[in-house]
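Here's the structure we're looking at; comments come further down.
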Amino acid sequence: MGAPQIPKRQMAMVVEKTGQPVVFKEIDVQEPGPDEVLINIKYSGVCHTDLHAVNGDWPLDTKLPLVGGHEGAGVVVARGSNVTDVEIGDHAGVKWINGTCLACDFCQQSDEPLCSKALLSGYTVDGTFQQYCIAKAAHIARLHKDIALDAVAPVLCAGITVYKALKESGARPGQTVAIVGAGGGLGSLAQQYAKAMGLRTIAIDTGDDKKKMCTEQLGSYAFIDFAKSQNLVKDVQAATEDGLGPHAVVLVAVNEKPFQQAAEYVRPRGTVVCVGLPAGAYLRAPVFETVIKMVTIKGSYVGNRKDSAEALEFFRRGVIKAPFQVVGLSELQMIYDKMQQGAIAGRYVVDTSK
Ligand code: 8ID
Ligand code: ZN
C-alpha cells in the first residue's frame, strides 16, 4: 500500500476559551513523535466529559486552546520511528487515556488510568474532534477491520468505562444492577454490557423516550423515572423480586442527588459504583444503614488496556448494540446544548469529514 497523503491543514472543533462555544476552524496537522501514531479520525463519540472540559467545571485544568474528544475511531496514517507493532492502514481508536508512563507502580500493575503522568485525550492533549489525532502507540485501541467505525466510537470511552464499572461492582450473572443515568451515553451501553454479562438491570432516568429505549431496546426489565417517583428509594427496592434492592448500583448520572440516594436502596452486602462526575458533587450515605447493611461504595475510572480490549471484543461479537446518531463535526455545539439539557437519549457521534 502506498503511503497515505497527509494534509498539512485540517478542520477541527476548538475550545478557545473555557465556557465559550466551540469554534469550527482550520488548524495544523501535527506530526507523531517517536512513540506515537497519527490517526485519521473518521468518527468520534461525544461524551459528557467533553462538555465538562468546555464548561471547565472540574477541579482539573484543560490545555487551551483545546481540541476535545476521546472516543475517536479511524485509520493509522503515520507512525513514529520507535513504533513497530502498528501498521499504516490499521484501524485504531483513541481513548481517554492517550498515554501513560508505563513504569510507575500503577502502570506496572495495569492500573494505568491512575498514572500521575497520564495524558488525557481531549483534555490535557488534543483529542478526536479533528481529522488527524495523535496518540501514544502503546495505548491505542486495536480495532478489527470488520468493526464499523461509527458504531464503535462510543465504546472507546463509554463502553470501556461501564464494562469496567460492572466488573468493579462484583455483581454476578443473574443478579440485579441499577443503572442510574441509564438514558445517556454511558447508561445505554451499561445496560447492553450488563445483559451480555448475564446481569439484570433496572434503568433510572427520566422521560418516555428514555423509558422506551431502556426497556424496549436495551434490555432493562424496569424503568424508574426519577422526576416522577415520589419515593425513589422505595421504588427501586420494590423493583427487585424480594424487595431488598439491587445487588449493585452503577451511577453514571451528572447530578449530585442520585449519589446521595444509592447507598439507601442498594441491597445488604451490595456495592455502589460511582462513575459520573457531576461538578462539585459530594457523596452522602447514611452511616447507620451503610454499616449494618455492609455496603461497599467505590469509584471506577475508565479501564486499562486489557479492559479496553475485552470491551471491544464484546462489541465485535455483536452482543452490544446501543443507539447512536451521526452528525457532522461542525454541529458539535448543538450536541453540547442538548447534552446540557439532558435531552440526548443514547450517544451522538460526529463524522469528521463534515
Ligand atoms: O471513567 C469515568 N468515571 C467516566 C468516564 C466517562 C464519563 C466518567 N464519565 C462521566 C462524565 O464525565 C459524566 O459526568 O460520566 C458522566 C455521564 O456521562 P455521559 O453518559 O456521557 O452523560 P449523558 O449522556 O449526558 O447522560 C447522563 C444521564 O444522566 C441522567 C440524564 O437524564 C442523562 O440521561 N440523569 C441526571 I443529569 N440526573 C439523574 C438522576 N437524578 C439522571 N438519571 C437518574 N437520576
Ligand atoms: Zn468519556
Side-chain angles (χ1 to χ4, degrees), residues 44-55 57-58 60 68-72 93-98 113-114 118 120-123 127-129 153-165 168 178-191 202-207 209-211 213-214 218 223-229 232-233 235-236 249-262 265 273-281 298-304 307-308 311 322-325 335-349:
S44 177
V46 183
C47 177
H48 205 111
T49 294
D50 301 312
L51 179 57
H52 291 295
V54 174
N55 291 342
D57 61 17
W58 282 353
L60 178 66
H70 57 273
E71 290 183 344
V94 177
K95 308 180 279 96
W96 174 247
I97 302 295
N98 187 285
L114 306 183
L120 308 175
S121 306
Y123 205 93
T128 57
F129 296 146
V155 175
L156 294 165
C157 170
I160 292 166
T161 300
V162 298
Y163 171 62
K164 174 71 161 185
E168 289 286 319
I179 309 293
V180 188
L186 268 65
S188 51
L189 277 156
Q191 291 161 83
I202 299 170
I204 307 174
D205 209 307
T206 190
D209 288 354
K210 289 179 181 175
K211 178 179 182 179
M213 178 183 80
C214 293
L218 297 172
F223 181 88
I224 296 165
D225 192 319
F226 72 84
K228 287 188 189 154
S229 170
L232 191 97
V233 172
D235 287 349
V236 177
V249 183
V250 174
L251 289 158
V252 291
V254 196
N255 192 318
E256 185 173 34
K257 193 158 180 212
F259 287 77
Q260 313 206 332
Q261 296 168 321
Y265 58 69
V273 186
C274 302
V275 176
L277 293 157
K298 64 192 328 195
S300 186
Y301 181 41
V302 287
N304 64 21
D307 301 315
S308 305
F324 64 96
Q325 282 168 267
I335 301 172
Y336 286 148
D337 293 342
K338 280 192 162 184
M339 189 177 266
Q340 187 78 47
Q341 296 156 15
I344 300 174
R347 212 25 146 215
Y348 266 99
V349 169

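Atoms within a ligand are numbered from 1 in the order they appear, just like the ligands themselves. Values in this document were obtained by computation on a predicted structure and should not be read as measured data.
More than 12 heavy atoms of other residues, nucleotides or ligands lie within 6.0 Å of CG in Asn55, so this atom counts as buried by the packing criterion. Heavy-atom contacts from other residues, nucleotides or ligands closer than 6.0 Å to NZ of Lys298 number more than 12.
Protein residues with a heavy atom closer than 4.0 Å to ligand 1 are Cys47, His48, Thr49, His52, Trp58, Cys157, Thr161, Val180, Gly181, Gly183, Gly184, Gly185, Leu186, Ile204, Asp205, Lys210, Phe226, Val252, Ala253, Val254, Asn255, Pro258, Val275, Gly276, Leu277, Ser300, Tyr301, Val302, Met339, Arg347, listed by chain and number.
Looking at Ser308, its side chain does come within 3.5 Å of a backbone N or O of Asn304 through a donor-acceptor pair. At distances below 3.5 Å, at least one donor-acceptor pair connects side-chain atoms of Tyr123 with backbone N or O atoms of Leu60. Lys164 contributes no side-chain N or O that, together with a main-chain N or O of Asp307, makes up a donor-acceptor pair within less than 3.5 Å.
In this structure, Cys47 SG and Arg347 CZ are separated by 4.5 Å, a value rounded to the nearest 0.5 Å.
Ordered by chain and number, Cys47 SG, His70 NE2, Cys157 SG make up the set of protein N, O or S atoms under 2.8 Å of the Zn ion (ligand 2).
For Asp235, the salt bridge (charged side-chain N to carboxylate O under 4.0 Å, His left out) criterion is met by no residue, not counting sequence neighbours.
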Show the atom names and distances, to 0.1 Å, of all donor-acceptor pairs under 3.5 Å that link a side chain in residues 182-190 to residues at least two apart or in another chain.
residue: Ser188; atom: OG; partner: Gly184; partner atom: O; Å: 2.8
residue: Ser188; atom: OG; partner: Gly185; partner atom: O; Å: 3.1

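Each of Ile344, Val254, Leu277 was scored for a side chain to side chain contact (heavy atoms under 4.5 Å, CB included) with His48, with one residue passing: Val254.
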